[in-house]
Each structure stands twice: as C-alpha cells, then as structure tokens.
Amino acid sequence: MKNNGGEAGEIKNKLWAIGGGKGGVGKSIVTLMLGISLARLGKKVTLVDADLGGSNLHTLAGIKYPRYTLADFINRNVESIEEVTMDTPVENVKLICGADDILGMANPKYTQKTRLFNHLKRLEADVILLDLGAGTSFTTIDFFLYAPNKIVVLTPQITSVQNAYGFIKAGVYRCLNEAFSKDDEALGLIKRGSVSVQGEPIDSIAKLYDAFKVLGEGRQERLQSCIDGLRIKLIVNMVREAREKNVSTIIKSVAKNYLSLSIDDLGTAQYDNTLYASINNMSDFLTKKRASMAGINFYDIASNIVKGMKPPKSRAKAGPVKP
Ligand SMILES: Nc1ncnc2c1ncn2[C@@H]1O[C@H](COP(=O)(O)OP(=O)(O)OP(=O)(O)O)[C@@H](O)[C@H]1O
Ligand SMILES: [Mg+2]
C-alpha cells in the first residue's frame, strides 16, 4: 500500500493513524481521549477501530453491541462507509466499530483496503482517527503508512520503546519495499538493510542510501522521498515520573541514526488512576466530563494538533538521509 505521507489535499489534516507496536500501551485510550478533546475543540471527529484482530474501541466508547461493523463495509453488505458509522454518547464523536467477528477479516485483501481508504478519504469529518492493533502485520503497517499523520504511542517501559522502534522500522521498510517493488536489485539491498544480522554492512538507511549509488539514476532520490514522507510523532503515555518523559529522546535518537528519520514529540500523558478505574464504565467517565490529569494532557495534545492544522507554514525538510 502506497505511503500517502506526501499526498497533497483533502486528507492532509484529516487522517491520523495511532499505532505503537506493543499491546496495552494505550493506543485505544489515546484515540478515544484525543477524539473527545478534538470534538470539544470544535471538530467533527470519526474514530475508526482499525484493530481488525482485536477490536474493543466500541466498548471504551460506551457501545455494547455494535449494529454494524467495518466487516459489513468490507464484505459489501453496505455500499458506503457512512452506513457503518454510528453516534457515540459524546457529541460530534462518531465511531466505526471494528470487525474481528469474521474469520480472515484481520487481513483484508488489497482491493478491500483500497476501497476502504477511498471511502475514508471522502468521509464527512474534520478529523478521522484510526486506532491500530498491536504488532507489525502488513495490514496494520499499511493503515499506518496510508495516514498522512502518524502517531506512535509508547510508555516509559523499555519493552514498549523496543516495540515502538520495531514498529517504526517495519513501516520504513514496508514503505521502501512498496516503492521499489519492481526493482529486484534495490529490493535485494533493502532486504539486507531490514534484517539485523551481525556484521552486515548495510545496517542503516544512510548505508542503504550509499549502497543505492551504484544502482543508477533516481534510486537514491526515491529512497529519500520515502523517508521524507514519513512524518511520525510520539505520545508517551502512562508517565508516572517527570523524568520518564525523556524516553522519547532514546527512540528519536535511534531513529535518526539508523532510519534517518526526524521524529517529533506530540506530547505526554500521565498515568491516571481515575482513568484506569473508569475503564469498565468509560461512557460514564466520558459524558460526565470527570476531571482527570490524563484528560487534561490529552486536551493539550489535541489543542496542539488543532494549532498545527492552521494553514501550514513551510515545514523544514528532514534533510539528507545521511546522519
Ligand atoms: N494514561 C493512562 N492512565 C492510566 N491507565 C491507562 C492510561 N492509558 C491507558 N491506560 C490503561 O491501559 C489499558 C490498555 O489501554 P488500551 O486498551 O488503550 O491499550 P491498547 O494499546 O489499545 O491495547 P491493544 O494493543 O490491546 O489494543 C487500559 O485498559 C487502561 O486501563
Ligand atoms: Mg487497542
């Protein structure tokens, strides 16, 4: 699936993917809380449960038995995506429920994904947030690559940092594999770069860029444009101590050195007992607008997102892939 990061126009501010590799780091909570905050900031929001193997966003959003799910759209039981979009207890927040009830739904075919993306692009909403599943399946990575805005959620735990980096790396190499899918020479080098084998000289995107030199015209530029198209932002969730916020510097530095990616911080959210205790009754939590520290953090992050949506100042290019 094509990386849509550089595509101009209609979906630029609209489509956001929320991934992170590791299970339980708070991707669904981040999706929900950002969605609610964006709605309070005046945006019409649609949340999409794109965790096709283990959907549960509807439960968090206070919907017990979804009438329709993404499966109805993917299987063409309905013609348009609007028909599977439902209201939530929160004003201006709609939801497209996930589809883990049908065998094989976790891996929709290329044509099914393309149809889904085409409908999402046209969906009437100011912001669409895609809640991705854990892991690095092609489907999850494809959703991540398709969205022009990519958020990676991690917690301060080292395992989460490792998985978040693995997720980002999988995105980079999937993007390169797609961009060079008809170029066997380039694919051979990309494969060498993607596997971590001790002693392999192509151990970074910068080295891959150098190796591409011998392949001739245009290859290095295409590689550069893949990397430039990946604009990734981090949210560190479940922070218990101020110093834990710095965990993002580790991942940013490793991504810079090995993937030639410039990653930005989008914000942090505290570990919040009120939120944790409300998980079995989020509907109550959401509609009564209970004060919570994490809620304030997510509102601040959403405010920054809205500020960033204002007519773009020209963003500095990430620079050459060489570190
Ligand atoms: N900021 C927070 N403070 C306290 N608890 C949190 C916070 N964020 C998430 N949680 C807790 O972590 C649990 C996992 O969150 P969530 O389901 O959003 O993770 P996930 O990354 O979507 O998991 P999965 O990969 O299984 O989809 C939630 O049940 C919630 O209790
Ligand atoms: Mg989830």
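Note that ligands are numbered from 1 as they come in the structure, with each ligand's atoms numbered from 1 the same way.
Below 3.5 Å of separation, one finds an N or O of Val25 facing an N or O of ligand 1. At least one N/O-N/O distance between Lys27 and ligand 1 falls below 3.5 Å. Annotation: Gly24 places an N or O atom under 3.5 Å from an N or O atom of ligand 1; distance criterion only. An N or O contact shorter than 3.5 Å links Gly26 to ligand 1 by distance. At least one N or O atom of Gln270, backbone or side chain, sits closer than 3.5 Å to an N or O atom of ligand 1.
When non-hydrogen atoms are compared, ligand 1 lies under 4.0 Å from the backbone of Ile29 as well as from its side chain. Residue contacts with ligand 1, taken as heavy atom pairs separated by less than 4.0 Å, involve Asp51 solely via side-chain atoms from C-beta onward. With a heavy-atom cut-off of 4.0 Å, Asn237 touches ligand 1 through its side chain alone. Contacts between Ser28 and ligand 1 below 4.0 angstrom, taking non-hydrogen atoms only, involve backbone and side chain alike.
None of Leu266, Ile251, Asp264 except one satisfies the side chain to side chain contact (heavy atoms under 4.5 Å, CB included) rule with Leu234; the exception is Ile251. Remark: of the listed residues Lys44, Lys43, Arg40, Lys44 is the sole one forming a side chain to side chain contact (heavy atoms under 4.5 Å, CB included) with Asn92.
The environment of Glu91 atom CD is sparse: at most 12 non-hydrogen atoms of other residues, nucleotides or ligands sit within 6.0 angstrom. Within 6.0 Å of CD in Glu221 there are more than 12 heavy atoms belonging to other residues, nucleotides or ligands.
Looking at atom 30 (C) of ligand 1, its nearest protein heavy atom turns out to be Ile279 CD1, 3.6 Å. If you check which protein heavy atom lies closest to atom 2 (C) of ligand 1, you get Leu275 CD2, 3.6 Å. At the shortest separation from atom 12 (O) of ligand 1 among protein heavy atoms lies Met238 CE, 3.5 Å. When hydrogens are left out, the protein atom nearest atom 31 (O) of ligand 1 is Tyr276 CD1, 3.2 Å; that is the closest non-hydrogen contact.
Smallest separation of non-hydrogen atoms from Val25 and Ser160: CG1-OG, 3.8 Å.
Between Asp272, Thr31, Thr268, it is Asp272 that holds the heavy atom closest to atom 3 (N) of ligand 1.
Although no hydrogens or angles enter the test, the distance criterion places no donor-acceptor pair under 3.5 Å between the side chain of Arg76 and the main chain of Phe73. Side-chain atoms of Asn297 come within 3.5 Å of backbone atoms of Gln270 as a donor-acceptor pair (strictly under, hydrogens ignored). In terms of modelled atom types and a separation under 3.5 Å, the side chain of Asp131 and the main chain of Thr31 share no donor-acceptor contact.
In this structure, CG in Leu70 is found 8.0 Å from CG in Asp49, a value given to the nearest 0.5 Å.
For the Mg ion (ligand 2), the N/O/S atoms of Ser28 include one lying under 2.8 Å.
Residue Ala134 has at least one heavy-atom neighbour below 4.0 Å for each of these atoms of ligand 1: 25 (O). Close approach to Gly23 involves these atoms of ligand 1, each under 4.0 Å from a residue heavy atom: 25 (O). Applying the 4.0 Å criterion to heavy atoms of Tyr271 picks out, from ligand 1, the atoms 3 (N), 4 (C), 5 (N).
Between Phe167 and Phe144, the ring center distance clears the sub-6.0 Å criterion.
The shortest heavy-atom distance from Gly54 to ligand 1 is not under 4.0 Å.
Ion pairing between Asp126 and Lys14 fails under the 4.0 Å rule for side-chain N and carboxylate O. Between Asp183 and Arg219, at least one side-chain nitrogen of the basic residue sits less than 4.0 Å from a carboxylate oxygen of the acidic one, meeting the salt-bridge criterion.
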